[in-house]
Structures are given as C-alpha cells and as structure tokens.
Amino acid sequence: MSVGPPALPALLPALVGAFLADRDGLAGALAHHGTPVHLIFPQVFDENVRALRAVLDRERVRYRMFYAHKANQSAALALTARRAGIGIDVASPGELDSATRAGFAPEKIEVTGPKGEAFTRIALQTGVTINVDNLWELDLIDRITRAERPGGDPVAVLLRVGELPGTPFSRFGIPLALIDRALTTLASAGSRIRLLGFAFHLDSGAVGDRVRAAQTCLGLIERAHARGLAPTVIDIGGGLRQVFTADADRFDAYVRALREGLAGRGEPLAWAGHTFGYHIESGATHGTPVFHKYGNTVTAADMLAELLAAELPEHDHRPLARVLADNLLELWLEPGKALVDHAGVTVAGVEFTKELGDGTPLVHLDLSRDAVTPADQEVMVDPLVVPRSAPLTGPPAGVFFAGGLCLERDMVTNHRVHLPGLPRPGDLIVFPNTAAYHMDLSAAAASMRLPPRKVVVVGTERGFRVDTDDGVLSGEHAREFPKES
Ligand SMILES: Cc1ncc(COP(=O)(O)O)c(C=O)c1O
C-alpha cells in the first residue's frame with residue numbers, strides 16, 4: 001500500500017512532541033541563543049536509565065551502570081546521571097572535570113579508553129577506577145604505584161580485553177593472546193594494583209558478539225583466580241542500540257526507493273553521486289549501506305534482556321544472568337547512546353531556499369552538517385518543519401538540506417526529504433534524536449561559526465522550563481531536575 005512519497009518518519013517521545021507543539025516553550029528555548037540550538041531533555045535520559053535498570057533488577061543481576069559521557073558533552077545530562085544514582089565513564093581529562101563538576105565522587109567514576117601518561121597520572125591522583133586499555137598503560141600504573149604509594153591503597157583496575165574470538169576486530173584493549181602478560185604483572189610480588197575484573201566494548205550491535213565476549217571473560221576470571229587474583233566484575237561496555245524510526249516498513253520502503261534511484265529506475269533520492277556505501281553493478285545496488293542502524297527496532301532494554309537471557313554453552317547452557325549470580329559476579333555496563341536516546345533534538349533555522357537547474361530545491365540552514373551527524377554517517381530520519389507562522393503549503397517538494405559552510409560536502413542531508421511544501425526563511429527545522437554523538441562528536445567551529453549551544457528543557461506541572469546547559473549546575477532550575485534516586 002502506498003502512503004505517499006518515500007519518507008523516514010522519526011520516533012518522537014511524547015515529552016519532546018509536546019514541547020515542539022508548545023509555541024511558548026519553543027520560543028523560550030530560542031530566546032537564549034536563537035538558532036541553531038541543541039535542546040536537551042534530561043527527563044528522557046532518566047527514563048532510559050529506568051528502562052535498563054528494570055531489566056537488570058528483573059534478572060536479579062548485581063550491576064553497576066556508568067553513563068558513557070562521550071555520547072554527549074551536556075552538563076545537564078551528566079548531572080541527571082549523577083542524580084539517577086549511576087556512575088559515569090569518562091575518556092578524557094575534560095570529561096573527568098565535567099563529571100567532577102556534576103558532583104560524581106571518585107568511586108562513581110570509571111576512566112576508559114587509551115590514556116597516555118598525563119591522563120593516567122590524573123586518574124591515579126583522583127582515585128577513580130581505571131579501565132586499562134593496554135599493556136603499556138598497565139606497566140605505567142605498576143611503576144607509578146610501586147614507586148609512589150608502596151604502602152597506600154591498591155589501585156582498582158579492570159583490564160579491557162581485545163581481539164576476542166568471534167567478535168569484530170578492535171584496535172583497543174589488551175589482545176587476548178597477550179593477557180597472561182597482564183596477569184603476570186598483577187600477580188607479581190609487591191603489586192599495588194587490584195584487579196576488579198575484565199572489560200570489553202564492541203563496535204557492533206550484535207548480541208551474539210557480546211555473548212561470546214562475556215563467555216571469554218568468564219574464562220579469564222577463572223584463569224586470573226588460578227594466578228591468585230580475585231576478580232569479580234565483567235564489564236560489557238556500551239553498544240546498546242537506539243531506535244530512531246517510527247515506522248520500520250516506511251524506512252525499508254525508503255531504502256528500496258533509494259536503491260531504485262541509484263540504479264536509475266526511479267526518482268533520484270541521492271545527492272550528487274552519493275551512494276551511501278552501496279555499489280552499483282549491472283543495473284543493481286549491492287552491499288551494506290552506511291546507515292543501517294537507523295532502521296533498528298530493538299530497544300536497548302530488549303537487547304540487554306536478550307543478552308542476559310542468552311544461554312552459555314560452556315556453562316551448561318545456563319543464561320548469562322544466572323551464571324553471573326551463581327559465581328557472585330557483578331555486571332558493569334557503560335551505555336552511552338542508549339541513555340541519551342531521544343534526550344535531545346537540534347533546531348536549525350531556514351536561511352533561504354534556492355532552486356537548482358533541474359528544479360531541485362536546496363534549503364539552506366544556519367548550521368553545518370557536523371552539528372547533527374556523527375562523523376561520516378548519513379542520518380536517516382526526516383527532520384520536522386516547524387513553520388514560524390502559517391503551515392507549509394503545497395505543492396509538495398522533495399528537497400535537500402544544505403549547511404552553512406562554503407564546502408561542497410557541507411550538505412546536511414545527502415538524501416532527499418519530501419515535504420508538504422517549501423520551507424520559508426525563518427521556519428524551524430528540527431532534527432530528532434541528536435543527543436547521541438550527533439551533537440558534538442565531530443562538531444567544529446569551522447569558518448569561525450561556533451557549534452550550536454545547548455539549552456535544557458524540563459517538563460513541569462506548570463509547563464516547560466528552559467535554561468542554558470551550563471546554567472543547570474548552579475541555577476534555580478536544578479531543582480526541577482529528576483530527583484535523586
Ligand atoms: C569503552 C567504551 N564504553 C562505552 C562506550 C559507549 O558506547 P555506546 O554509546 O555505543 O553505548 C564507548 C563508546 O565508544 C566506549 O569506547
């Protein structure tokens with residue numbers, strides 16, 4: 001059944017939908033910095049924490065959750081994580097500062113990723129848990145702690161393991177083949193390092209990969225015990241997925257139409273030679289597109305539940321949750337994108353629209369592509385148009401959105417977006433679900449244009465309250481935040 005031109009309808013939480021429909025609320029948010037602006041919804045973050053907690057509690061898993069701060073730099077979201085009672089995973093001195101400013105105690109902070117000497121020393125001084133990325137780092141910690149705190153408390157570390165069998169290759173972590181060297185360091189006389197457990201983080205959305213990695217870590221726990229160590233933690237990293245689409249069938253139909261267009265059999269939906277990772281051969285498109293994750297319909301909570309229920313062949317096919325409980329082990333997780341899923345949108349203003357020689361409308365916006373896309377990804381959800389005054393009127397238009405930089409590649413969408421009419425200067429274009437990496441993973445002050453600022457939106461009984469992101473740490477607004485739990 002045809003439902004109009006190809007479209008990529010976005011999932012929108014009720015709170016965000018209500019805010020965008022509230023003219024006063026939106027005007028209040030724009031009053032701070034105008035457009036472009038990132039809007040942050042801490043209550044959505046809080047809901048995401050609750051959803052993951054519900055799964056872990058139901059499965060009776062002992063756990064600790066750490067919000068992976070790299071997903072978003074927002075101070076308000078870090079504060080919300082602290083108030084929700086979870087920990088925080090930081091991967092740079094800047095993120096560590098931000099966590100401290102949000103009030104996290106050192107025991108609630110885990111430092112992950114490759115560090116270098118300066119950051120390692122800061123982590124040691126701060127007393128946070130260190131998730132060790134490589135043997136050089138472990139040797140450095142070993143040397144520093146032996147020299148500088150021979151009688152002091154041991155430093156708590158996790159060992160991140162890489163090159164796990166049956167998982168995608170990663171440049172991070174201590175290769176499994178070399179892990180015995182790490183155990184030798186930790187078990188050697190006079191060590192001031194305490195091994196909490198083993199960690200992994202996989203750049204894959206597949207539950208099966210995590211099951212295999214967890215199984216390997218269980219084996220490593222046994223191996224470490226045989227060396228006289230006493231690890232009790234398996235840290236599964238992040239990677240729990242987001243749901244962007246409101247309609248998976250329409251997403252699939254758009255992708256089919258895009259492929260037909262690339263093969264020359266339908267309306268061209270791709271901008272100037274873009275193929276999105278497909279290759280075209282003998283009149284057909286082949287390969288995997290770069291944007292497949294935007295069609296995902298499995299929630300992070302369901303993915304976590306599937307992982308905990310997965311049967312482990314090497315443990316009498318008992319589910320992972322049971323194996324953890326039977327062995328008195330704790331599960332640690334570091335969700336980033338799953339916690340900020342739907343906790344932010346980005347609002348741009350239309351500058352003007354121009355028509356190309358073939359009649360294609362190009363809608364120019366006051367932001368650049370890197371403010372709404374994570375690295376080189378194409379975001380496959382339709383932006384929403386919020387007209388400044390009268391609703392858009394026909395005829396319908398299949399447009400591309402262009403960014404404000406003088407670079408050919410600064411196209412905000414490289415795929416065609418069908419709208420009921422042409423937007424006018426001053427209309428607002430809202431990019432849904434941009435909090436996870438889209439907002440500030442690759443944003444830069446190119447051409448001396450500053451990246452969009454952040455404004456925090458909280459729904460209250462008296463309507464919506466807005467404040468700047470920095471303001472929430474000190475402001476009166478902080479009282480409106482989700483309560484501590
Ligand atoms: C070590 C580690 N943990 C957690 C995360 C968060 O991952 P995600 O946002 O996919 O949950 C990352 C992301 O790069 C990571 O490197």
Side-chain angles (χ1 to χ4, degrees), residues 44-45 48-49 51-52 55-56 63-74 77-78 81 86-92 94-96 98-99 108-115 119-120 123 128-134 137 157-164 167-174 196-207 209-210 213-214 217 233-244 292-294 296 298-304 307 331-344 373-377 433-442:
V44 176
F45 182 103
N48 293 337
V49 173
L52 294 186
V55 174
L56 293 155
Y63 66 90
R64 290 186 65 182
M65 199 189 308
F66 297 81
Y67 161 49
H69 199 345
K70 60 175 74 71
N72 197 297
Q73 296 176 13
S74 161
L77 294 181
I86 62 173
I88 192 159
D89 151 11
V90 298
S92 71
E95 288 182 7
L96 179 53
S98 166
K108 289 277 197 175
I109 303 177
E110 181 199 359
V111 179
T112 63
K115 296 162 197 75
F119 190 26
T120 304
V128 298
T129 300
I130 303 182
N131 186 328
V132 176
D133 176 74
N134 55 68
E137 197 177 300
V157 306
L158 296 159
L159 295 183
R160 177 165 172 180
V161 193
E163 299 185 42
L164 295 152
T167 68
F169 176 79
S170 166
R171 74 183 172 94
F172 299 108
I174 302 169
L196 291 181
F198 294 94
F200 59 85
H201 169 74
L202 305 178
D203 195 13
S204 130
V207 170
D209 291 345
R210 285 175 178 72
C217 287
V233 173
I234 291 187
D235 179 344
I236 61 170
L240 297 175
R241 300 176 76 167
Q242 300 180 260
V243 178
F244 287 91
H292 55 282
K293 68 182 184 186
Y294 290 97
N296 174 52
V298 180
T299 64
D302 286 347
M303 189 178 161
L304 182 60
L307 173 62
L331 184 85
W332 285 20
L333 60 165
E334 301 153 359
K337 59 182 181 277
L339 293 186
V340 299
D341 195 21
H342 294 287
T373 57
D376 55 355
Q377 283 271 334
N433 205 4
T434 52
Y437 302 106
H438 298 64
M439 287 182 182
D440 36 38
L441 185 71
S442 50

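Only this structure's heavy atoms are used, side chains among them; waters, hydrogens and symmetry mates stay out. Start at 1 and go down the list; that is how both ligands and their atoms are numbered.
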Exercise. Can you tell me how far CG of D133 sits from CZ of R160, rounded to the nearest 0.5 angstrom?
Worked result: 6.0 Å
What does the N/O contact table under 3.5 Å look like for ligand 1?
from     : atom 1 : to   : atom 2 : distance (Å)
ligand 1 : 3 (N)  : D89  : OD2    : 3.4
ligand 1 : 3 (N)  : E334 : OE1    : 2.6
ligand 1 : 9 (O)  : K337 : N      : 2.9
ligand 1 : 9 (O)  : Y437 : OH     : 2.5
ligand 1 : 10 (O) : G239 : N      : 3.0
ligand 1 : 10 (O) : K337 : NZ     : 2.6
ligand 1 : 11 (O) : G239 : N      : 2.8
ligand 1 : 11 (O) : G336 : N      : 2.9

For this session: Quick one: list whatever passes side chain to side chain donor-acceptor pair (under 3.5 Å) with T299, sequence neighbours left out.
Result: D302
Residues 331-344 side chain polar contacts: donor-acceptor under 3.5 Å, at least two apart:
from : atom 1 : to   : atom 2 : distance (Å)
W332 : NE1    : E330 : OE2    : 2.7
E334 : OE2    : N131 : ND2    : 3.4
D341 : OD1    : Q242 : NE2    : 2.9
D341 : OD1    : N433 : ND2    : 2.8
D341 : OD2    : V243 : N      : 3.3
H342 : NE2    : V243 : O      : 2.7
H342 : NE2    : N433 : ND2    : 3.4

For this session: Examine distances only and state if a side-chain atom of N72 and a backbone atom of A436 form a donor-acceptor pair shorter than 3.5 Å.
Result: no
May I have the list of side-chain donor-acceptor pairs in residues 200-207 shorter than 3.5 Å, sequence neighbours left out?
from : atom 1 : to   : atom 2 : distance (Å)
H201 : ND1    : G238 : N      : 3.0
S204 : OG     : A206 : N      : 3.0
S204 : OG     : D209 : OD2    : 2.6

Problem set entry | Atom pair CE/CG of M65 and L304 - distance to nearest 0.5 Å | 8.0 Å
